[in-house]
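Structure first, commentary second.
Values reported hereafter were calculated over all heavy atoms of this structure, with side chains retained and with hydrogens, waters and symmetry mates removed.
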Protein chains: 2
Amino acid sequence: MAHINTTQYALLGMLSYMPMSGYDLKKFIDQSISFFWSENYGHIYPVLKKLEQEKFVTKRVEHNQGKPSKNIYSITQEGLSVLTDWLAAPVQKEIYRLEILLKLFFGYLTETGTMIEKVAVHKKTAEKTLRELLDIENHINTQHHDLPKNKPPYQLLCLNYGKHFYNMVIKWCDETLGILQAAKNNQQ
Amino acid sequence: MAHINTTQYALLGMLSYMPMSGYDLKKFIDQSISFFWSENYGHIYPVLKKLEQEKFVTKRVEHNQGKPSKNIYSITQEGLSVLTDWLAAPVQKEIYRLEILLKLFFGYLTETGTMIEKVAVHKKTAEKTLRELLDIENHINTQHHDLPKNKPPYQLLCLNYGKHFYNMVIKWCDETLGILQAAKNNQQ
DNA sequence: ACTTTATTATATCACTCTGATATATTATAT
DNA sequence: ATATAATATATCAGAGTGATATAATAAAGT
């Protein structure tokens with residue numbers, strides 16, 4: 001067997017905020033947790049169907065003028081229960097597959113300049129994502145939404161991970177670029 | 001279509017070091033790049049078969065006394081060529097799926113103590129991996145293997161990423177645990 | 001008026017990758 | 001003599017990715 005299906009819990013968690021369609025879920029995920037989690041239609045729709053069969057969500061059809069109809073899913077008591085069970089269960093082994101590092105590991109097979117370019121692009125991407133995260137943080141901080149009293153600011157804790165992560169990536173890129181550039185200068 | 005098959009390049013890259021069997025490849029990967037890359041038998045064997053059909057590797061059977069026979073794969077000139085082409089190609093979009101953050105994001109649905117435990121375990125795991133990385137670094141530094149002159153120390157650059165990453169994770173865990181503990185004390 | 005393009009919405013498919021299990025051989029420990 | 005561990009390959013169900021197909025309506029360009 002593969003990993004347990006984590007997508008179902010991601011969807012249930014998002015539906016605990018509010019009832020949504022598959023299309024809404026994708027948009028919501030992309031706009032809130034995309035820096036550490038992603039889902040795609042090819043998985044969302046079949047998983048929603050499965051969750052409905054298991055009675056963890058209920059479906060109703062919403063007819064909209066000016067837009068196609070959509071299937072709105074709501075989480076059930078049973079769904080909320082399996083979601084909180086999952087929250088308490090141990091985290092599965094995290095799998096990292098960092099293609100940038102795989103290329104760098106085999107860097108000796110190619111020109112130093114090729115690797116410099118890869119790392120430079122990686123840095124640019126990290127800087128862009130960091131700016132987006134800071135925008136989100138700003139957005140959360142300026143809107144005075146009533147956070148539940150005495151509950152930790154979970155969204156900000158996640159965001160803080162992103163800030164730490166991308167700052168670290170930028171720092172590593174700078175260090176690495178320095179070493180690569182020095183080696184390249186030495187070659188000439 | 002899904003992502004392009006990156007496993008084939010990981011295997012070709014490893015075979016550029018020396019000819020190996022599928023079993024050897026798995027061991028080699030687990031012992032060298034497991035902190036940023038993983039492969040498993042269920043993928044290694046079919047990909048090796050495909051690489052052989054495409055003439056990017058050749059197979060010979062090695063009969064060993066005391067051990068089962070094994071299929072030793074060697075990279076061909078053509079294989080080396082597609083490998084270096086891949087090195088020069090842009091890095092695919094990196095996909096992050098951090099289950100620990102997904103749980104934390106939905107933390108408001110459960111007890112603060114549950115989330116404290118998750119983050120504490122995460123910290124312990126990071127500390128253990130960091131210690132393993134430092135052992136590998138020590139190992140690389142003490143063995144005086146002749147690094148190619150004027151070539152950047154690519155293995156150490158990758159390792160350095162791991163050190164930055166796990167140190168960052170530990171720092172974030174400490175910050176997060178402080179905030180969660182404060183919130184919990186406030187609840188009582 | 002007509003066509004193109006963008007957005008909303010769902011479904012499906014080929015392919016990648018994961019983790020478990022099955023099978024077989026030999027070495028080592030009990 | 002038996003159990004266990006290590007070596008070695010193969011296979012399978014299921015998770016997850018990204019592309020494409022389909023269809024409805026809105027907006028924009030010609």
Side-chain angles (χ1 to χ4, degrees), chain A residues 1-11 19-31 34 36-52 54 57 59-73 86 92-99 102, chain B residues 1-11 19-31 34 36-52 54 57 59-73 86 90-99 102:
Chain A
M1 239 212 303
H3 255 206
I4 70 155
N5 177 340
T6 314
T7 296
Q8 63 184 318
Y9 300 112
L11 300 184
M20 279 184 275
S21 68
Y23 190 81
D24 295 334
L25 279 162
K26 169 82 167 127
K27 246 200 318 189
F28 199 71
I29 288 168
D30 284 350
Q31 285 166 9
S34 62
F36 68 81
W37 199 263
S38 63
E39 294 292 347
N40 51 25
Y41 295 128
H43 210 200
I44 289 173
Y45 286 111
V47 168
L48 281 174
K49 214 170 258 179
K50 186 188 138 261
L51 286 172
E52 196 195 355
E54 293 169 323
V57 301
K59 181 174 95 172
R60 67 182 166 78
V61 179
E62 191 182 275
H63 299 280
N64 299 295
Q65 68 277 47
K67 287 180 197 172
S69 302
K70 56 180 171 177
N71 305 325
I72 303 286
Y73 294 91
W86 170 75
Q92 289 180 93
K93 196 187 120 210
E94 308 262 7
I95 296 159
Y96 298 106
R97 287 193 122 213
L98 303 180
E99 196 180 308
L102 190 65
Chain B
M1 239 211 304
H3 255 205
I4 69 154
N5 178 342
T6 314
T7 295
Q8 63 185 319
Y9 301 112
L11 299 185
M20 279 184 274
S21 68
Y23 191 80
D24 295 335
L25 280 162
K26 168 79 168 131
K27 246 200 318 189
F28 199 71
I29 289 169
D30 284 349
Q31 286 167 9
S34 62
F36 67 81
W37 200 265
S38 64
E39 293 293 350
N40 51 25
Y41 295 127
H43 210 197
I44 289 174
Y45 287 111
V47 168
L48 281 174
K49 213 170 259 179
K50 186 188 139 260
L51 286 172
E52 196 196 354
E54 292 169 325
V57 301
K59 181 174 95 173
R60 67 181 166 79
V61 179
E62 190 181 274
H63 298 280
N64 297 295
Q65 67 277 46
K67 286 181 198 172
S69 301
K70 55 180 173 179
N71 306 324
I72 303 284
Y73 294 90
W86 170 76
V91 173
Q92 289 180 93
K93 197 187 121 209
E94 308 260 10
I95 295 158
Y96 298 107
R97 287 193 121 212
L98 303 179
E99 196 181 306
L102 190 64

query: Which is true for N40(A) with a 4.0 Å heavy-atom rule: it touches a base, it touches only sugar-phosphate, or it touches nothing?
result: base
Pairing string of DNA chain C (Watson-Crick or G-U wobble, both atom distances under 3.5 Å; | = paired to other strand) is ||||||||||||||||||||||||||||||
N5(A) meets the side-chain hydrogen bond (donor to acceptor under 3.5 Å, both in side chains) criterion, sequence neighbours left out, with none
The side chain to side chain contact (heavy atoms under 4.5 Å, CB included) partners of Y45(A) (sequence neighbours excluded) come to Y23(A), Y41(A)
I95(A) has its side chain closest, among dA15(D), dT18(C), dC17(C), to dT18(C)
Can you check whether H3(A) has a side-chain N or O nearer than 4.0 Å to OP1 or OP2 of dG19(C)?
-> yes
Whole-Å distance, H43(B) NE2 to dA15(D) C1', equals 13 Å
Here the gap from D24(B) atom CG to Y73(B) atom OH, rounded to the nearest 0.5 Å, amounts to 11.5 Å
note: D30(B), atom CG; dT7(D), atom C1'; distance rounded to Å ~ 15 Å
K26(B) atom NZ is separated from dG19(C) atom P, nearest whole Å, by 9 Å
Just the atom pairs and distances: protein N or O near nucleotides 8-11 of chain C's N or O, under 3.5 Å.
unit_1	atom_1	unit_2	atom_2	d
dT8(C)	OP2	Y23(A)	OH	3.1
dT10(C)	OP1	N71(A)	N	2.5
dT10(C)	OP2	Y23(A)	N	3.2
dT10(C)	OP2	Y45(A)	OH	3.1

W37(B) atom CH2 is separated from dT18(C) atom C1', nearest whole Å, by 14 Å
key: Donor-acceptor pair, side chain of Q8(A) and main chain of L51(A), under 3.5 angstrom   = no
Taken to the nearest whole Å, NE2/H63(A) to P/dA24(D) is 14 Å
All heavy atoms of T6(B) vs all of W86(B), minimum pair found to be CG2-CZ2, 4.0 Å
Side-chain N or O of N5(B) versus OP1/OP2 of dC17(C): is the shortest distance under 4.0 Å? yes
L51(B) CG to dT16(C) P, in whole Å, measures 12 Å
In short, salt bridge (Lys or Arg N to Asp or Glu O under 4.0 Å) pairs touching residues 36-50 of chain A with sequence neighbours left out are E39(A)-R97(B), K50(A)-E54(A)
Rounded to whole Å, the NZ-C1' distance (K50(B) to dT16(C)) equals 11 Å
| said: OP1 or OP2 of dT16(C) versus the side-chain N and O atoms of R97(A): is any pair under 4.0 Å? | reply: no
When rounded to whole Å, the OH to C1' distance for the pair Y9(A) and dA15(D) reads 13 Å
N40(A) side chain near H43(A) side chain, heavy-atom distance below 4.5 Å = yes
Residues passing the side chain to side chain contact (heavy atoms under 4.5 Å, CB included) test with P19(B), sequence neighbours excluded, are I72(B), S74(B)
Does any part of the side chain of L48(B), heavy atoms only, come nearer than 4.5 Å to the side chain of N71(B), both counted from C-beta?
no
